[in-house]
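Model, not experiment: these values are computed from the prediction. Just so you know, ligand 1 is whichever comes first in the structure, and atom 1 is the first atom listed for that ligand.
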Amino acid sequence: MKIGTPRERVEGEKRVAMTPQSAIALKKLGYDCLIESGAGSAARFSDQAYRDAGVTVVADAAELWAQADVVAKIRPPGQTEVEMGHAGQVVISLLYPGQNTELLEALKTRGLTALAMDMVPRISRAQKMDVLSSMANIAGYRAVIEASNNFGRFFTGQITAAGKLPPAKVLVVGAGVAGLAAIGAAVSLGAITYAFDVRPEVAEQIESMGAEFVFLEFEQTQDSAATGGYAAPSSPEFQAKQLAKFRELAPDVDIVITTALIPGRPAPTLWTKDMVEAMKPGSVIVDLAAERGGNCELTVPDQAIETANGVKIIGYTDFPSRMATQASTLYSTNVRHMMDDLTPAKDGVPVVNMEDDVIRGATVTKDGVITFPPPPPKVQ
Ligand code: NAD
């Protein structure tokens, strides 16, 4: 059967879900590969590179959707794309089904079987398909690069014949995948790095990366084992302590990178207007939670703004796309692993086995039925 990747339609999206390298692996699973002409160009994969890897380059999206049995892409398909699909076709993409009810209805009505890469259960066996982690890792690193680009000073301290330069102080709020990547990048650039998370178990990881965990004097700690390793909303008392601590740190830190998220909820507001006002001119905030409303009260999604007191607030929501070649390489590898599990006989025929926990978790429509949300995981 044929697996194909169209050019992403969302403006500014530079990534592509199939690379020449992933196509070679997909061919070994028995698939013929198709790519829409120009789909990889923004990520620096030319049509010729695909041809050299044995991929058929098709002229446009309509031809690709007509020919492909499986369509692999990144951004959730828009209405025009869904309308190009046909019954029985398998679509593999980011879908965010919890927020995209209309899209689910459209996929179902069209008879498409859809697998959401963002719904792959985060269990050890499925780490190879975990696009949330592979993209968050890039976002965390890139957040520090954007911060340094907007910060007019060294990160590392220096003693030179011309004078002494203090090191920058970076605070990372939220130490999940993106936060830990940001800590790694900030420490490696030489900044004094602090980090905070509501999950106390990450303190060890933060410290092993060379940052300092910001402790709160508070009895209650979150038991994230009860919420699948994720954060839950904090109590008002805890929140008040946390904000008081941040208020204390605000005049002293130069760069704040916020990554705090709670599944299924808007991002918690953790860096308030008065904290921004207390920061030194030239300081930078990078809000990786911008797409979900932002952790900073003044963040404007997709924009970089400067406040009256000279603090830059970066609310970009396209960090992985800003490193499109490597983001495409990692995303397409995640997709290739998904295809591996979907092709047990390695014969180029996908089998959506709803008995498999990982495939079941990701499948949101199948045979004209919406299959989201999946049943809760079985208690071991
Ligand atoms: P996420 O993007 O949902 O959240 C980012 C971070 O924000 C989390 O560390 C969270 O604790 C933190 N946070 C939430 N509210 C906060 C607040 N008020 N103040 C400060 N921090 C706050 O998280 P993620 O990066 O997707 O990772 C979440 C968990 O999943 C981690 O334990 C991670 O190790 C785990 N994980 C497991 C696997 C796997 O087993 N396959 C893969 C990836 C991640």
Any N or O on [X] sitting closer than 3.5 Å to an N or O of ligand 1?
{"X": "Asp197", "answer": "yes"}
{"X": "Val177", "answer": "yes"}
{"X": "Gly176", "answer": "yes"}

With respect to atom 28 (C) of ligand 1, which of Phe238, Phe196, Phe246, Tyr230 exhibits the smallest heavy-atom separation?
-> Tyr230
Please list, in number order, the atoms of ligand 1 under 4.0 Å from a heavy atom of [X].
{"X": "Ser133", "answer": "42 (C), 43 (C)"}
{"X": "Ile123", "answer": "41 (N)"}
{"X": "Gln242", "answer": "17 (C), 18 (N), 19 (N), 20 (C)"}
{"X": "Asp130", "answer": "42 (C), 43 (C)"}
{"X": "Leu270", "answer": "17 (C), 18 (N), 19 (N)"}
{"X": "Ala175", "answer": "9 (O)"}

Taking [X] for its side chain and [Y] for its backbone only, find out whether a donor-acceptor pair lies under 3.5 Å.
{"X": "Thr193", "Y": "Ala191", "result": "yes"}
{"X": "Thr325", "Y": "Ala43", "result": "yes"}
{"X": "Thr365", "Y": "Leu112", "result": "yes"}
{"X": "Asn137", "Y": "Ser133", "result": "no"}

Apply ring-ring contact (aromatic ring centres under 6.0 Å, His included) to Phe246 and Phe196, showing your working.
-> CA-CA 10 Å; Phe246 288 170; Phe196 177 80; 5.6 Å; yes
Which donor-acceptor pairs under 3.5 Å do side chains of residues 340-348 form with protein atoms, sequence neighbours excluded?
| from | atom 1 | to | atom 2 | distance (Å) |
| --- | --- | --- | --- | --- |
| Asp340 | OD1 | Lys346 | NZ | 2.7 |
| Asp341 | OD1 | Lys128 | NZ | 3.3 |
| Thr343 | OG1 | Tyr31 | OH | 2.6 |
| Thr343 | OG1 | Met339 | O | 2.6 |
| Lys346 | NZ | Asp340 | O | 2.9 |
| Lys346 | NZ | Thr343 | O | 3.2 |
| Asp347 | OD1 | Val349 | N | 3.1 |

Output, in order, the C-alpha distance, side-chain angles, deciding distance and verdict of ring-ring contact (aromatic ring centres under 6.0 Å, His included) for Phe213 and Phe215.
-> CA-CA 6 Å; Phe213 185 66; Phe215 275 100; 4.7 Å; yes
